[in-house]
Peer 1: 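Provided herewith is a single structure, encoded as structure tokens, for subsequent inquiry.
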Number of protein chains: 2
Amino acid sequence: MKIKAYDISKTASATTLIFDAIRQAIIKGDLAQGEPLRQEDIARAFNVSRIPVREALLKLEQHGLITSQRYKGAVVAGLSLDEASEIFEFRALLEPEVIRRAVPQMSPQVLETAESCCDAFGRADDPMQWGDLNRRFHTTLYASSGLGFHMDVLDKAMDRIDPYLRAQLLLSDGMQRANREHRMIVEACRAGQADRAADLTRQHILGAQESLSRYWQE
Amino acid sequence: MKIKAYDISKTASATTLIFDAIRQAIIKGDLAQGEPLRQEDIARAFNVSRIPVREALLKLEQHGLITSQRYKGAVVAGLSLDEASEIFEFRALLEPEVIRRAVPQMSPQVLETAESCCDAFGRADDPMQWGDLNRRFHTTLYASSGLGFHMDVLDKAMDRIDPYLRAQLLLSDGMQRANREHRMIVEACRAGQADRAADLTRQHILGAQESLSRYWQE
DNA sequence: GATCTCATTATTGGATACAATATACATTAT
DNA sequence: ATAATGTATATTGTATCCAATAATGAGATC
């Protein structure tokens, strides 16, 4: 079983815990696309019945992380390069607006956290951490925007594309460039330059997309 | 094969049917915000057990149409003016891009369908039909874009805001103006003017938002 | 009268059992 | 041998039952 199965606690519903565990496994690439997810197997792994498992799978399907067919079960969703590109473009459209709104609201504490992500990002040598820190960097800045709905759909978009983003970070200068661009974005935020932060964010995303697209065909 | 095999409604699961029914009820305003949704009641209404009902409620929660608390149940989600405005702005950001991509791909048939929506819109006197036709008008045009992810999140945004959009159509010149603007959008599409269609769409949405905001305050 | 237990009830979360469907394999007919 | 058909098995969908929790109300205490 490739899913990390915690023993269920009472604080959160079983459904939520199972959802989180499988989501992590997919995002980190532990579960490859197309991998089937059998209700019974998952239920055994978590020491629960199939009911909460089914509800977790339903949530995963809504997030686009799995696809399921009636009476046939669920598999980890695949993503073609075209679909990945579409989601990159979606992010490139949305995130500049989000950060533009966030900049005027950013507390020093938020900027501090973002910079600590940059520092840790530069020091980390575990490729898996890069993905986590990259994601935390962006969500930290965006949180100040106060935009609930935008963030909801953005989270979904990031979930969907996360494995590809991690792959992009592993490319020759992927991590180096991401680090450079992150620091420029923070700088613009600290200076209160919302438009510049928005523009840098847009280029940051489109750059990652292009980088991934180039290296895709080999 | 001479026998035409209609698919009995076995194709859809009970969960799906319940989800659709409740979604419609919320979108059309039959269920007011804050209205509690008891699993047992719904199960009786559909002659099923609570299991498919719970799964339908989960999907509705993912769509943002209801909110639920552990051991306390679900209620129809509310939406403040601020939240509604955010979603209008979200749509204003996304839909111009979607239609811009759709215009070059539109078949004559699609344009025909869109115009038939306009005609029916003008003739209809039932306010409830306006909302349906308005929605169908937009989704018809957008379908040509081939953007799967964009449409997914857009559907969610439209679901969320639909009751407010219907309210806006009921305002003094809401329906008249919508009709006018719809025809201008179709015209641009037919002429292959993607940028113009995008711009008109943006103004169409922001106009509806402003109209609703003004009315809201008095 | 107000408020604080504490039992009662209503409602949701989850487990078990059964029904519906798909898949894999064996069997038969051509 | 190949395609069609029947059977067994695996897997999902749903119903029924029990457990955990929240809402309700009656009586006790001040």
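Every chain is numbered from 1 and lettered A, B, ... according to where its sequence line falls, protein lines coming before strand lines.
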Peer 1: Distance criterion of 3.5 Å, no angle test: do you see the side chain of Arg50(A) paired donor-to-acceptor with the base of dG14(C)?
Peer 2: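 Result: no qualifying N/O pair found.
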Peer 1: Quick check on dT14(D): is either OP1 or OP2 less than 4.0 Å from any side-chain nitrogen or oxygen of Thr15(B)?
Peer 2: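 Yes, such a contact exists.
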Peer 1: Using the test salt bridge (charged side-chain N to carboxylate O under 4.0 Å, His left out), find all partners of Lys72(A) that sit at least two apart in sequence or belong to another chain.
Peer 2: none
Peer 1: Starting from P on dT14(D), measure out to CG on Asn47(B) and report it in whole angstrom.
Peer 2: 14 Å
Peer 1: Only pairs under 3.5 Å count here: list side-chain donor-acceptor contacts from residues 50-57 of chain A, not counting sequence neighbours, and write none if there are none.
Peer 2:
{"from": "Arg50(A)", "atom 1": "NE", "to": "Gln39(A)", "atom 2": "OE1", "distance (Å)": "3.0"}
{"from": "Arg50(A)", "atom 1": "NH2", "to": "Gln39(A)", "atom 2": "OE1", "distance (Å)": "3.2"}
{"from": "Arg54(A)", "atom 1": "NE", "to": "Glu55(B)", "atom 2": "OE2", "distance (Å)": "3.0"}
{"from": "Arg54(A)", "atom 1": "NH2", "to": "Glu55(B)", "atom 2": "OE1", "distance (Å)": "3.2"}
{"from": "Arg54(A)", "atom 1": "NH2", "to": "Glu55(B)", "atom 2": "OE2", "distance (Å)": "3.3"}
{"from": "Glu55(A)", "atom 1": "OE1", "to": "Thr15(A)", "atom 2": "OG1", "distance (Å)": "3.1"}
{"from": "Glu55(A)", "atom 1": "OE2", "to": "Arg54(B)", "atom 2": "NE", "distance (Å)": "3.3"}
{"from": "Glu55(A)", "atom 1": "OE2", "to": "Arg54(B)", "atom 2": "NH2", "distance (Å)": "3.1"}

Peer 1: Which protein N or O atoms sit under 3.5 Å from an N or O of nucleotides 5-8 of chain D?
Peer 2:
none

Peer 1: To the nearest Å, how far apart are Phe46(A) CZ and dG13(C) C1'?
Peer 2: 17 Å
Peer 1: Going by side-chain hydrogen bond (donor to acceptor under 3.5 Å, both in side chains), name the residues that satisfy it together with Ser80(B), two or more places apart in sequence or in a different chain.
Peer 2: Glu83(B)
Peer 1: With respect to Cys118(B), which candidate in Val186(B), Leu133(B), Ile185(B) satisfies the side chain to side chain contact (heavy atoms under 4.5 Å, CB included) definition?
Peer 2: Val186(B)
Peer 1: Please enumerate all residues that pass salt bridge (charged side-chain N to carboxylate O under 4.0 Å, His left out) together with Glu35(B), with sequence neighbours excluded.
Peer 2: none
Peer 1: In residues 52-69 of chain B, what residues come within less than 4.0 Å of DNA chain C, judged by heavy atoms?
Peer 2: Arg54(B)
Peer 1: Going by the rule salt bridge (charged side-chain N to carboxylate O under 4.0 Å, His left out), which residues pair with Arg100(A) if we only count those two or more places apart in sequence or in a different chain?
Peer 2: Glu97(A), Asp195(A)
Peer 1: Taking atom P of dT12(C) as reference, at what distance in whole Å does atom CD1 of Ile51(A) sit?
Peer 2: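 Nearest whole value for this atom pair: 16 Å.
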Peer 1: Enumerate the residue pairs fulfilling side chain to side chain donor-acceptor pair (under 3.5 Å) with a member in residues 145-156 of chain B, sequence neighbours excluded, ordered by first and then second residue.
Peer 2: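 Checked against side chain to side chain donor-acceptor pair (under 3.5 Å) - neighbours excluded - the pairs reaching residues 145-156 of chain B are Glu86(A)-His150(B).
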Peer 1: Output the rounded distance in Å from CZ (Arg70(A)) to P (dA10(D)).
Peer 2: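 Atom CZ in Arg70(A) sits about 22 Å away from atom P in dA10(D).
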Peer 1: Tell me whether the rings of Phe90(B) and Phe149(A) are parallel (<30°), tilted (30 to 60°) or perpendicular (>60°).
Peer 2: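 Ring orientation of Phe90(B) relative to Phe149(A): perpendicular.
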Peer 1: What does the list of N/O pairs under 3.5 Å between the protein and nucleotides 7-11 of chain C look like, with a distance for each?
Peer 2:
{"from": "dT11(C)", "atom 1": "OP1", "to": "Arg38(B)", "atom 2": "NH1", "distance (Å)": "3.4"}

Peer 1: Apply ring pair (Phe, Tyr, Trp, His ring centres under 6.0 Å) to His63(A) and list each qualifying residue two or more places apart in sequence or on a separate chain.
Peer 2: Phe19(A)
Peer 1: By salt bridge (charged side-chain N to carboxylate O under 4.0 Å, His left out), which residues pair with Asp30(B), not counting sequence neighbours?
Peer 2: none
Peer 1: What residues, two or more places apart in sequence or in another chain, satisfy side-chain contact (heavy atoms from CB on, under 4.5 Å) together with Cys117(B)?
Peer 2: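 Only Arg136(B), Phe137(B) meet the side-chain contact (heavy atoms from CB on, under 4.5 Å) criterion with Cys117(B).
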